[in-house]
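Model, not experiment: these values are computed from the prediction. So that the names make sense, note that chain A is the first sequence line, chain B the second, and so on, each numbered from 1.
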Amino acid sequence: MDVTPIIDPLNDAQREAVTAPAGPVLVVAGAGSGKTRVLVHRIAWLIQVEGVSPLGILAVTFTNKAAAEMRSRIEQLLDMPVANLWVGTFHGLAHRLLRRHWREAGLPQTFQIIDADDQQRIIKRMIRNLDLDESTWVPREIQWFINAQKDEGLRPGNVDDRGDHSRRQLIKFYEMYQDTCERSGLVDFAELLLRAHELWLGNPELLSQYQRRFRHLLVDEFQDTNAIQYAWLRVLAGDTGVPFVVGDDDQSIYRWRGARVEHIRNFRNHFPGTKTVRLEQNYRSTGTILNAANAIIANNSTRLGKKLWTEGDQGEPIRIYAAYNERDEADFVVNRIVEWTNGGERRSDVAVLYRSNAQSRVFEERLIQLGVPYRVYGGLRFFERAEIKDALAYLRLMSNRADDASFERVVNVPPRGIGARTLDTVRNYARGNAIPMWQAALTGAGGQLSARAAGAVARFVEIIDAMERDVSGLPLHEQVDHVIRASGLIEHLEKNKNERAEARIENLEELVSAARGYEPGDEEEDMTPLDAFLAHAVLESGETQGESWDDCVQLMTLHSAKGLEFPLVFIAGMEDGLFPHRRSVTDAESLEEERRLCYVGATRAMRQLYLTYAEQRRLHGVDNFGQPSRFLTEIPEEFFEEVRPRVNISQPVFRRRDEPQSGGMRLGQRVRHRKFGDGVVLGVEGSGAHARVQVNFESAGTKWLVMSYAKLELM
DNA sequence: AATATCTTGCAGTCG
DNA sequence: GCAAGATATT
């Protein structure tokens, strides 16, 4: 057998990992050191050299995109399809298991997955039903709390209230929310993972069946696994499973989602005899880019410690551009992109990265103006658009009448005379009798409705029932097509003849073609094509949509750029408060996470890296003056040069940290006030005599102070 | 009950 | 600057 294609393209460290004997392996792999390659080659090695059946291998990736890429690279390397190899995200794999074993997992066969938006609606409605004040009990915070508990693997009964009143209330909300979901057969993202874990714990024979099957467990982006994912994996590994995990503590950017870098550090304790391999040679970026990235990340205190190096050239300096405002920033970036493509380079080799999705708009406007094709990743994804979710809600209700969330969403969309009062009656009746709202609607809420309302409700019930009848036996896309028409959604939008409505109709039609192009994987064996499609819509939310490999400039958040690489990279919005984000600057740990995010961003660049910031930025419709990001000041001067094409600009250029502006105030700065005591700067607004700072004082709370009056002492 | 107009709060990152 | 929610109007 010829193994040269598998091991020849590898360096020594990579080869050591790929050919390691069966036993736990931890690969600490820096950015661009070929970690995907190691995983792909390891799998190929197992199959071709060790003779492991693809059936016995489980590979976990972080995104669906990465999963698809891994599979195709393995197939390319082995030159054969490996359909029975399980590759997917934790969520995708958990879903697959729950579909297979819904009974053992205690779920209805028709359970459906909800996204964060659906989840929030359910919580909002719950708070309203309880007649509680939404400003005291903020739905978003309740949602955050519930998900955090689930990420830690905790059910309401296991959460410690710490004797705290409001915590006790949050636990109650968790309990109620969970009841609602269970009555409606709904499963949120975190629940997928928790249920899959409980599936192991509650069914030892099932577990051992999977333990026997999956001897080899490979995990990518291991630094971003959360407690429940890691627990799930450890249980599955048991005493016989052989984990092979790849990660980089410097690229851990999902702490806010429950991910824990400690998993990398603890791995060796959990799996005795672990072989550790370090990959530090970088094949991606120029020396300058690497040096700068190394310098930035060196400011973090909690690291395993690692320094990337390259045999390649130093390359060009990093370029820093101080824009006047966010439009100037976009102008600059797009002009550089045009120069790039005029030089014969490809647009798809360019990425514009930013901290938050809202930043994409200005770039889009400018790109459209100049006719440059682009693609935005993330943001408002296809399956998250309101009209698409309406259509999906019809489909879900058709498939599962107990889905109250979907019922509420579409019962009066388009308007059919079922208003708030009618709905209240139906809802109360349903709650009183512990039945789904659909049931309640069938009986006209036990006869409590007025004749007119009862008629309207009956017509709605008939629409859904008729839909199900008319659709049976049709291919998936025709089902979808029928439903968007029979629901009246299209007609409703047609009446409304503005541009936005037209775009929405196009989106609905796009949904039909998405259904036409959808092929259920083999994991969806037991599901109807419709249910499989609905699950796909929530889990992928359009990530793999529009895979039309047109030559497009790529716009995305720093988070979604993880794992990707581009010859030319722009990181925009390098301002304190934006990046690092204002919510992360008051806490050392989250600030370090922001710094890792910066490191991730910088190491995406292969040849050229631009960092831009705006001196003035419009946020929420008001102009704010910001300071250059502290991360910029962490780059040694020999690695960058400033770009300043505009002449006669009164504003000075990029300032080093210690040159004071606004009296040296920056976010996160600790200050002392004569009366209020010690605090932390949360915001800076304006400049000169009008400059104001927002300070969170330890004892006096949050206050806005005019800088020229309040004599704040820097600490 | 539906439609038109206003006000509010908002956006931190993801599957 | 935009969308959802609240309020006013028909």
Side-chain angles (χ1 to χ4, degrees), chain A residues 60-67 88-95 113-121 124 128 134-135 138-140 144 147 150-151 187-193 221 224-226 228-229 252-259 326 353-362 365 377-381 383-386 412-423 450 452-453 456 492 495-496 500 535-544 556-562 573 577-585 590 593-594 596-598 600-601 617-623:
Chain A
V60 190
T61 59
F62 198 70
T63 62
N64 295 302
K65 200 170 157 196
T89 61
F90 276 109
H91 291 91
L93 296 166
H95 175 237
I113 306 169
I114 55 171
D115 66 15
D117 190 57
D118 300 325
Q119 188 182 33
Q120 196 172 29
R121 276 166 194 277
K124 259 191 191 156
R128 276 180 210 164
E134 277 182 60
S135 53
V138 185
R140 239 162 47 98
W144 185 271
N147 289 335
K150 290 189 177 187
D151 285 344
V187 173
D188 59 52
F189 287 132
E191 184 74 16
L192 280 174
L193 303 172
E221 310 282 10
D224 282 323
T225 49
N226 65 28
I228 192 70
Q229 292 167 335
S252 164
I253 54 175
Y254 285 97
R255 207 173 76 94
W256 55 274
R257 218 172 86 179
E326 75 279 358
L353 310 181
Y354 35 77
R355 177 65 236 267
S356 65
N357 282 306
Q359 285 171 257
S360 74
R361 213 192 74 243
V362 206
E365 282 168 3
Y377 287 79
L380 226 209
R381 284 177 275 237
F383 285 110
E384 288 168 359
R385 289 167 202 272
N412 203 32
V413 179
R416 42 174 77 92
I418 304 170
R421 296 180 71 130
T422 309
L423 204 52
S450 69
R452 192 163 83 157
H492 174 59
K495 267 187 256 162
N496 203 339
R500 191 158 288 167
H536 162 87
V538 189
L539 279 175
E540 306 225 350
S541 64
E543 203 47 57
T544 45
M556 67 188 84
T557 62
L558 288 150
H559 281 89
S560 34
K562 190 173 69 160
L578 230 201
F579 188 33
H581 194 269
R582 59 173 52 75
R583 286 179 146 153
S584 300
V585 291
S590 22
E593 176 144 309
E594 296 281 311
R596 291 193 291 269
L597 191 55
C598 185
V600 167
R617 180 176 297 272
R618 183 163 285 202
L619 273 171
H620 302 141
V622 272
D623 287 325

Side chain of A:Pro415 only, please: which of B:dT3, B:dA11, B:dA1 is the nearest?
B:dT3

Extract from the structure each pairing of a protein N or O with an N or O of nucleotides 3-7 of chain C at less than 3.5 Å, listing the distance.
from, atom 1, to, atom 2, distance (Å)
C:dA3, OP2, A:Arg500, NH1, 3.2
C:dG5, OP1, A:Lys124, NZ, 3.4

With a 4.0 Å cut-off on heavy atoms, is A:Asp115 in touch with a base, just the backbone sugar-phosphate, or nothing at all?
nothing

Can you tell me how far the OG1 atom of A:Thr557 sits from the CG atom of A:Leu597, to the nearest 0.5 Å?
8.0 Å

Minimum-distance nucleotide to A:Arg583 side chain [options: B:dA1, B:dA11, B:dG15]
B:dA11

Hey, does A:Arg255 reach any base, or is it just sugar-phosphate, or nothing, if we go heavy atoms under 4.0 Å?
nothing

Which listed nucleotide (B:dA1, B:dT13, B:dG15) is nearest to the side chain of A:Asn357?
B:dT13

Rounded to the nearest 0.5 Å, what separation is found between the OG atom of A:Ser590 and the CH2 atom of A:Trp256?
13.0 Å

Can you identify which nucleotide, out of B:dG15, B:dG12, B:dT13, has its nearest atom closest to the A:Ser584 side chain?
B:dG12

Options B:dG15, B:dC14, B:dA11, nucleotide nearest the side-chain atoms of A:Thr89:
B:dG15

A:Trp256-B:dT13 aromatic stacking (under 5.5 Å, under 30°)
yes

Gap between atom OG1 of A:Thr422 and atom CZ of A:Arg416 - 0.5 Å precision
13.0 Å

Regarding A:Arg618, tell me which of base, sugar-phosphate or nothing describes its non-hydrogen contacts under 4.0 Å with the strands shown.
sugar-phosphate

Could you tell me whether A:Glu594 contacts a base, only the sugar-phosphate backbone, or nothing, with contacts defined as non-hydrogen atoms closer than 4.0 Å?
base

Among A:Phe62, A:Tyr254, A:Phe579, exactly one meets ring pair (Phe, Tyr, Trp, His ring centres under 6.0 Å) together with A:His559. Which residue is that?
A:Tyr254

In terms of side-chain geometry, is the basic nitrogen of A:Glu191 or A:Lys150 positioned less than 4.0 Å from the acidic oxygen of its partner?
yes

What distance, rounded to whole Å, do you find between the two C1' atoms, one in B:dG12 and one in C:dG5?
23 Å

Please pick, from B:dG15, B:dC14, B:dG12, the nucleotide with the shortest atom-to-atom distance to any side-chain atom of A:His91.
B:dG15

If you check every side-chain atom of A:Arg355, which of B:dT13, B:dC14, B:dA1 has the closest atom?
B:dT13

How far, in whole Å, is C:dA6 from B:dA11 if one measures between their P atoms?
15 Å

Output yes when a side-chain donor or acceptor of A:Arg596 lies under 3.5 Å from a complementary backbone atom of A:Ser252, and no otherwise.
yes

Just call it for A:Phe90: base, sugar-phosphate, or nothing, with non-hydrogen atoms closer than 4.0 Å on any strand.
nothing

Residue closer to the 5' end of DNA chain B, A:Ile253 versus A:His492 (nearest nucleotide)
A:His492

